[in-house]
Structures are given as C-alpha cells and as structure tokens.
Amino acid sequence: MARPTLAVILAAGEGTRMKSSLPKVLHAIAGRPMLAHVLASVREAGIDDAAVVVGPGREDVATVAQKDFPGCTVFTQAERKGTGHAVLAARQALLGGKDVIVLYADTPLVRAQSIETLKAALDDGANVAVLGFHAANPTGYGRLIVEDGALTRIVEEKDATPDQKAIGFCNGGLMALRGETSLALLDAIGNANAKGEYYLTDAAEIAHQRGLKAVARPIAEEEVHGVNDRAQLAAAEAMMQVRLRAAAMKEGVTLIAPETVFFSYDTVIGNDVIVEPNCWFGPGVKIESGAVIHAFSHLEGAKVAGGASVGPFARLRPGADLGRDVKVGNFVEIKAAQVEQGAKISHLSYIGDARVGAEANIGAGTITCNYDGYLKHKTDIGAGAFIGSNSALVAPVKVGDNANVGAGSVITRNVAEDALAVARGRQVEIVGWAKRYREVKKAEKASKAKG
Ligand code: UD1
Ligand code: CA
C-alpha cells in the first residue's frame, strides 16, 4: 500500500526580480505557468492531494492552482518569514498526518521521478529526505552535511563557515517529511540564523538530533533550476525545450534542426512527422503521423492529419482542423476551419470560420470575409469546389459542391453546386487605344520640352 502523501507547493514568493505585474509562478514555460508544471509532476508522481501556499491577495495564483489541480487547497502566508514558516501556513492540511513533499513553484523542471525518489526514501524509513546535487557553482544554496550516509544538517549560505561553503553538495530545495513526525519537526524550527527566517532546512538537523533518520538522495542540477528573473526563465524554457524535442525525436519525429523548433507542454506529434527548421507549436496542437510541417510555420490549437503538408510560412490558429492529405501552403492563415481530405489552399489566403470540402481547390489570394465589424459569419465551401484566385467570399455564404468561382470574384450570395459564379467587372477591349494614347502623350511631352 502506497503511503498517503500531500504535496505542499510554496508559491508565496514576491518575484520582485521578474519586474512583472504577473506573479512569478504564473510566468509560462512551454506554454504553461511554472506552478502548473510543478502540479503536473506532483500528479504524475501519483500524489492526489496538494496544498498551495500563496502570498496575500494572490487570487490569480489560487485560480490557476485550482484549475490545474482540482481539489487542491490554497493557503495564504500572510508574511514572508521563511520556507519553514511557509509550509506551516498549510497546517490545516498537515494535520491529516500524511507524508509531505514540499516543492517550490518557481522550480518548474522537477520530474515526477524525483518526487518518487523522495517518496521511496520515506518508504525506506526516513523521516526527512532531501534531494542533493553537485552544483557547478554552489553559491546561494544550502550545503548538505552528510556523515556516514546520514544527513546531519543543512547549512544555508549565509550561515556557513568557509569550510562549509567549500562543500559542493547542495540542497535542491525539495523535501519529504514523514507524516508521523512532520508537524513535530516543523514546529521545532526556530529563526535564530543570519536571515532571521524559519528555515525549512533546519528540519534535517532537528530530526538527526532526535535520533530520527534524515537522508539526501541525488538529483540532476537541471531539475532544481530556480527562476528568479527573466534570464533564468529563458534558461528554464531552453531546458524544457531540449526535453520536449528529445521526447518528440524518441517517438519517431524528424526534427531537421531541433534547436529551432519550439513545442508546448501538450504538443502531440505522431511518428514520421517531419518538422523543418524554425517552427513554433503553441498550446493545443496535435499532428498525426506522416504530416510535414515546413519551415517557419506557426501553429496553435490546431489539428493536422496524416499526409497533410503545412507551410512553409503557414499560420494555423485555434480551431484549424486539417484532414488527410490537405495542403496548406505559404502565407496562408487558417482559423476555426475544417479543411477536409485532400483540399488545397496553396498560397496567400485567409480561411476563417469556414469549412472547405474534400478535394476543393482554393486559389491564391482567396479570402473568407468572416467579420462584418460586429459578428463573425461562416463560409461553407463544398467538396470539389474550385475558387479562382483573389476571390473574396463574403460570409455568411455557401459555395456548392463542385462549383467554380471565377478569379477575382466578390461572392456575396450562395453558389449552387456545379454552377459557375463570376462576380467582377466585365472585360472591355478598345482596339488601338494604347497606341493612340502613346502618341498623344509623346507629343505633349515634346512640346513641353521645347517651350
Ligand atoms: C532554499 C533552501 C536552500 C536550497 C535552495 C534551493 C531554505 C531555508 N533554503 O533557499 O537550502 O539550496 O532553496 O533553491 O529553504 N517561500 C515562500 N515563503 C517564504 C519564503 C520562501 O513561499 O516565506 C518560497 C519562495 O517563493 C521560493 C521558495 O520558497 O519559491 C524558496 O525560497 P527562497 O527564499 O528562494 O529560498 P533560498 O534562499 O533559495
Ligand atoms: Ca531561491
């Protein structure tokens, strides 16, 4: 039987160095707030109870927490008095006596596996467990003092002696506390230290002194990368993208220049998809096996079926739904539109709030005029229809199956199936006009030059 576990996520930081009106933990990486990444890892680790500690007046953070982890409880830390004090803000949740895993919402790269490593340490009988890493630069981190395999103490940078500062084994920040002893240890934490804060990390030393077991388990430094400013946010994004690209390639996706392709946390992409350089996948994109996304395409909230070809320089906005073997070419924007099997929209078009029937051919420069300044309207293009280049389809309007629209038309009324609609000025031809015009103008110019 798995031990019941509560995750406590500290999200009460002020985030001043972000210089942002948005709370730090709501800044996104790979299209999702940092807090939501942490909550996702918690859930992936099999934990179904979470308490989120927020700063005063942070309803916006509470809303995201409750959306991404329904049923979580939100606690307010009225004053920032340290990480130990922040955990105790969730006292009501701690009273249940479950094992506790403490995480920071500004440390978004933590993997579920590492949370499981902490749980396993408790399963092995530890009362306190932390994750340690060998820091490239340990400055600023708490140092882990390990003696004979036991974690005897964590010394914060500001309280460390020069000898302790020389220790390279650092506290990653996550901590697991065994349910039976968690509150007793947390309540014993004082604030007699350089910062005058209640340090969560003191729980290790208190446990050791009481003859309880505290341990440190290894974690990769990357996973505990903390975000305090925009540069660290960008670094976290870069690391997350490396992971997402690696995962896509592992699933059989070809990325010609992986470092130029950006995915969202939820991008679903099938095997044998080829993604050319410089593509962007916003949230909510699903690409089925065998599609090709050509260079410089921007996709968000879109679905692309197998055999389809998108771009180069295509934009698929939310609700774009491309069927099998559809072709969407350069400088085409698609929004809220079903494009059915085999249809082609090859160049320079806007197709919004529309259906394009199977095998229809949409000529270069075709625009669905979906907005009248107040409301959006739908354009329905039948299967096999042929829309001549540079046509404007003024919605609401329907073009029947296998109908033709002459190039340069402005279509304001429905077109019957198999019909031809031409809606443009008739061509007029005046024999010899251009020649006469040239002669008149040349003469005018010559007389001006003389006079
Ligand atoms: C903490 C650890 C340190 C570890 C490092 C890893 C302590 C005392 N030290 O140090 O050992 O190496 O993380 O990054 O825990 N927070 C609150 N309320 C508070 C204080 C903090 O919610 O009153 C939140 C912060 O928003 C942040 C997290 O807790 O997300 C960590 O706090 P921070 O002050 O950054 O701790 P560090 O000094 O980095
Ligand atoms: Ca920190």
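Only this structure's heavy atoms are used, side chains among them; waters, hydrogens and symmetry mates stay out. We count ligands from 1, going down the list as the structure has it; atoms in each ligand are counted the same way.
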Could you give me the CA-CA distance, side-chain angles and deciding distance for D60 and R58, then say whether salt bridge (charged side-chain N to carboxylate O under 4.0 Å, His left out) is met?
CA-CA 5 Å; D60 39 9; R58 279 300 177 205; 3.3 Å; yes
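With hydrogens and angles ignored, the 3.5 Å screen pairs a side-chain donor or acceptor of Q164 with a backbone N or O of T161.
Close N/O approach between L200 and ligand 1 is not found [any backbone or side-chain N/O within under 3.5 Å]. The N/O atoms of Y141, backbone and side chain alike, include none that comes under 3.5 Å of an N/O atom in ligand 1.
Contacts between A86 and ligand 1 below 4.0 angstrom, taking non-hydrogen atoms only, involve the side chain exclusively.
Closest heavy-atom contact between V128 and A204: CG1-CA, 4.2 Å.
Under a cutoff of 6.0 Å and an axis angle of 45°, R43 and F69 form a cation-pi pair. Seen from the ring of Y371, K376 counts as a face-on cation partner, given the 6.0 Å and 45° thresholds. Judged by a 6.0 Å distance limit and a 45° cone about the ring axis, R243 is not positioned over the six-membered ring of Y265.
Applying the 6.0 Å contact sphere to NZ of K303 captures no more than 12 heavy atoms from other residues, nucleotides or ligands. Within 6.0 Å of CD on Q209 lie more than 12 heavy atoms contributed by other residues, nucleotides or ligands. Annotation: K158, atom NZ; neighbour count of heavy atoms from other residues, nucleotides and ligands within 6.0 Å does not exceed 12. Heavy-atom neighbours of K398 NZ from other residues, nucleotides or ligands within 6.0 Å: at or below the threshold of 12.
Residue-ligand proximity, T83 to ligand 1, at heavy-atom distances under 4.0 Å covers atoms 7 (C), 8 (C), 15 (O), 20 (C), 21 (C), 29 (O), 31 (C), 32 (O). Taking a cut-off of under 4.0 Å to the non-hydrogen atoms of G142, the atoms of ligand 1 that pass are 3 (C), 4 (C), 11 (O), 12 (O). Ligand-side atoms of ligand 1 in range of A12: 17 (C), 22 (O), range being under 4.0 angstrom from any heavy atom. Ligand-side atoms of ligand 1 in range of G172: 6 (C), range being under 4.0 angstrom from any heavy atom. Using a 4.0 Å cut-off to heavy atoms of Y199, the atoms of ligand 1 that qualify are 8 (C). Those atoms of ligand 1 that come under 4.0 Å of a heavy atom in L10, given as number and element, are 22 (O), 24 (C), 29 (O), 30 (O). Ligand-side atoms of ligand 1 in range of E156: 2 (C), 3 (C), 7 (C), 8 (C), 9 (N), 10 (O), 11 (O), range being under 4.0 angstrom from any heavy atom. Distances below 4.0 Å separate heavy atoms of T201 from the following atoms of ligand 1: 7 (C), 8 (C), 9 (N), 11 (O), 15 (O).
Under a 4.0 angstrom heavy-atom cut-off, G82 registers as being in contact with ligand 1. For K81, the closest heavy-atom approach to ligand 1 falls below 4.0 Å. Note on ligand 1: G55 sits outside its first shell, no heavy atom being nearer than 4.0 Å.
The option with the heavy atom closest to atom 25 (C) of ligand 1, from among Q77, K195, R80, is R80.
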